[in-house]
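Below is one structure, written out as structure tokens; comments come after it.
First the proteins, then the strands, lettered A, B, ... as listed; each starts at 1.
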Protein chains: 2
Amino acid sequence: MTTTSMKDVARAAGVSVGTVSNVLNRPEAVAEETRSRVQAAITELGYVRNDSARQLRAGRSRTVAVVVLDVANPFFTDVVRGAEPLIESAGGVVTVCDSGEDVRRERRHLEILEEQRVLGLLITPVDDTSASWIERLSGHDIPLVLVDRGAGRHPHCSVAVDDVHGGRLAARHLADRGHARIAFVGGPASIPQVADRLAGCREVCEERGVALEVFTTAGLNFAAGREAVEQMLGLAERPTAMFCANDLVALGALQALTMHGVKVPQECAIIGYDDIDFAAAAAVPLSSIRQPRAQLGRTAAQLLFDEIGEGEGHTHRNVVFQPELVARASTAEAL
Amino acid sequence: MTTTSMKDVARAAGVSVGTVSNVLNRPEAVAEETRSRVQAAITELGYVRNDSARQLRAGRSRTVAVVVLDVANPFFTDVVRGAEPLIESAGGVVTVCDSGEDVRRERRHLEILEEQRVLGLLITPVDDTSASWIERLSGHDIPLVLVDRGAGRHPHCSVAVDDVHGGRLAARHLADRGHARIAFVGGPASIPQVADRLAGCREVCEERGVALEVFTTAGLNFAAGREAVEQMLGLAERPTAMFCANDLVALGALQALTMHGVKVPQECAIIGYDDIDFAAAAAVPLSSIRQPRAQLGRTAAQLLFDEIGEGEGHTHRNVVFQPELVARASTAEAL
DNA sequence: ATCCCTTCATGAATCGATTCAAATTCCGCG
DNA sequence: CGCGGAATTTGAATCGATTCATGAAGGGAT
């Protein structure tokens, strides 16, 4: 009742619905006089386009969804920030979905996004079991780009950072600092990023004869870091350094260590991953492995629109960035 | 072409479209045998409902939008987290829109949300000029709840925290610690939360004879805090404590002070606002004014659905929570 | 065999915007 | 005055799901 449709506007302006539509979509094809009369009717009646009807006709929405593991993680908000400008300047609308590292939540989001016939999708899959759902979307002609994750042998575009190498950088740095017994903290192991970072770390540890203790956590957040520390402090032979799978975990660990009076880095060094803004502002400025967050997002959006634009003849591209060590106080030379 | 519609499913299962619709929406009204035949056809063809068509018919979408000032601010992600469960359990879909403290971005979002005929809206308006747009949505029968902002004399539900009182708490705490010259850092002044916190602060300063220096920033983030410190350090008579309009600003300030070798809290104390998780993990654990973030979100969602449910006869409710001081090292007694 | 009631299934109408072939108007020019 | 062509406008068809009045089929009871 309250809703005003094009038909109402048409009647008020004394024209046909086709003309109203033209005023909205191809104003240059409408005579000046008519156009202003229609515009007047539109503001007069407070008419607002109905996007559902538009989409129904168009067969697609103009929404680009970004599915991330954790919106509260600054890493992902930075990725999204990187992607937004390009998407919006292309007339798209961004919607962010938080899978919370949970496959079930991820799936629910994907179901809804598919029903919404989204224009495209940037997604950081929770784990390998996500693949079948992703293929399904892709099979239904929804273009997508994998973010922070190589495509492997899957037929998709992707932007990723070499996490194995990142793991190596971290481990090598700790080994260089003289640590002979280190802990890796992160999980769940099913998350590809975690597995890769651990793999790189393990490789270096074996090479350099460093003892590696793995603490598998339930998630990648503050609490995980705190819990890992509680567990670690109980050990007879305690590692002298920790490599945390991301900065949130590292900050949680740092907090717990400080609370227990363990000096960082003298009694236990810490290095994180992502180099989020908070890392530098931490109790002890946190060493970390930096990823080009915004660029990851920007490139992902670029690849997506390339794919949309090129249509059938599209060749998938897989972009890999190299991570970079940022050494700060939390891994300073022990005195 | 590639898209399968209900008509295709109906044909494949040898029934009418009406029956397919019933299988999806009221399965109990369909005979067991028919139902399974239709289900089989659905999976066989990989049919996926078209939400646009559904919404067009329904006249409304099932999306609840949350419009926040800054998604990268943990305060807001926590508010969203608080609201989500309730919205989802009511069959809604959450979409988060980031206004970035920018009225133009906010307006663009509102335009789109209106075209999408969203089910409802939780919004933290950028400033008072947002009001006219908000009234417009409201006038078009889109129920909304103001978040972190009293409704004033506007006819809406709202959940808020008493920011004036929060400002008082912070200032009183600093005065109690013996500071006689303090700085308020935050902005832009048009943001109501900033204005209120400053008002409370100013009130106490006058009462207690504390000198107040106001540094107005362009935003509420890390960079703002850093810049304010640069500016402050140039002053002849430097404040001995800073009250920052939120924790991000405070962390930025803390970082800058540390870089300049200014000892916190000995040479300059800091208190923030929001008590985000990072506050406790900061270089110097940050004193802050705590707000019940998750509860703010939960209550907002509750009010929204109350309003949707009650329809015309609805009476608006305005819930106000009280903030709470959390004292940590950054405002410890000067030694 | 008949009538009534329940249970199921049908298919046309509807939501609102877009599209496009066809119709109409308008002009300049011979 | 009439014609060709450009500039506008029209309105019916379409997208896909939902709804609901109508109808058909099945089952008791008499």
For this session: Flag the pair B:Val96 / A:Val71 as yes when at least one side-chain heavy-atom distance between them is below 4.5 Å, and no otherwise.
Result: no

Exercise. Under 4.5 Å between any side-chain heavy atoms of B:Ser158 and B:Val319, yes or no?
Worked result: no

Rounded distance (Å) that lies between atom [atom2] of [N] and atom [atom1] of [X]:
{"X": "B:Asn25", "N": "D:dG16", "atom1": "CG", "atom2": "P", "value": "17 Å"}
{"X": "A:Leu45", "N": "C:dG16", "atom1": "CG", "atom2": "P", "value": "14 Å"}
{"X": "B:Asp8", "N": "D:dG16", "atom1": "CG", "atom2": "C1'", "value": "10 Å"}
{"X": "B:Met6", "N": "C:dC15", "atom1": "CE", "atom2": "P", "value": "18 Å"}
{"X": "A:Arg62", "N": "C:dT18", "atom1": "CZ", "atom2": "P", "value": "10 Å"}
{"X": "A:Leu24", "N": "C:dT19", "atom1": "CG", "atom2": "P", "value": "12 Å"}
{"X": "A:Glu115", "N": "D:dG16", "atom1": "CD", "atom2": "P", "value": "15 Å"}
{"X": "B:Lys7", "N": "D:dC15", "atom1": "NZ", "atom2": "C1'", "value": "9 Å"}

Exercise. What pairs with B:His314 under ring pair (Phe, Tyr, Trp, His ring centres under 6.0 Å), at least two apart in sequence or on another chain?
Worked result: B:His316

For this session: Rounding to 10 degrees, work out the angle separating the end axes of the helix from C:dA1-D:dT30 to C:dG30-D:dC1 (five pairs an end).
Result: 60°

Seminar exercise, completed: Residue pairs passing the salt bridge (Lys or Arg N to Asp or Glu O under 4.0 Å) test with at least one member in residues 61-70 of chain A, sequence neighbours excluded, are A:Asp51-A:Arg62, A:Arg62-B:Glu115, A:Asp70-B:Arg81

Problem set entry | B:Arg54 side chain near D:dT18 phosphate (N/O to OP1/OP2, under 4.0 Å) | yes

Exercise. Should A:Arg60 be listed as having a side-chain N or O under 4.0 Å from OP1 or OP2 of D:dC15?
Worked result: no

Exercise. Given C:dT19, D:dG16, D:dT18, which nucleotide is nearest the side-chain atoms of B:Leu56?
Worked result: D:dG16

Exercise. In terms of side-chain geometry, is the basic nitrogen of B:Arg108 or B:Glu111 positioned less than 4.0 Å from the acidic oxygen of its partner?
Worked result: no

For this session: For A:Asp128, check side-chain hydrogen bond (donor to acceptor under 3.5 Å, both in side chains) against everything at least two apart and list the hits.
Result: none

Problem set entry | A:Ser138: side-chain hydrogen bond (donor to acceptor under 3.5 Å, both in side chains) partners, not counting sequence neighbours | none

Exercise. Are there more than 12 heavy atoms of other residues, nucleotides or ligands under 6.0 Å from atom CD of B:Glu44?
Worked result: no

For this session: Please name the pair of heavy atoms, one in A:His156 and one in A:Asn318, separated by the smallest distance, quoted to 0.1 Å.
Result: O-ND2, 3.1 Å

Exercise. Which part of the nucleic acid, if any, lies within reach of A:Asp51 when heavy atoms closer than 4.0 Å are counted: base, sugar-phosphate only, or nothing?
Worked result: nothing

For this session: For A:Ser21, answer base if it contacts any base atom (sugar-phosphate contacts may also be present), sugar-phosphate if it contacts only those atoms, and nothing otherwise; contact means non-hydrogen atoms under 4.0 Å.
Result: base

For this session: Going 5' to 3' through nucleotides 8-14 of chain D, assign each nucleotide B (protein heavy atom under 4.0 Å from a base atom), S (under 4.0 Å only from sugar-phosphate atoms) or - (no protein heavy atom that close).
Result: SSBB--B

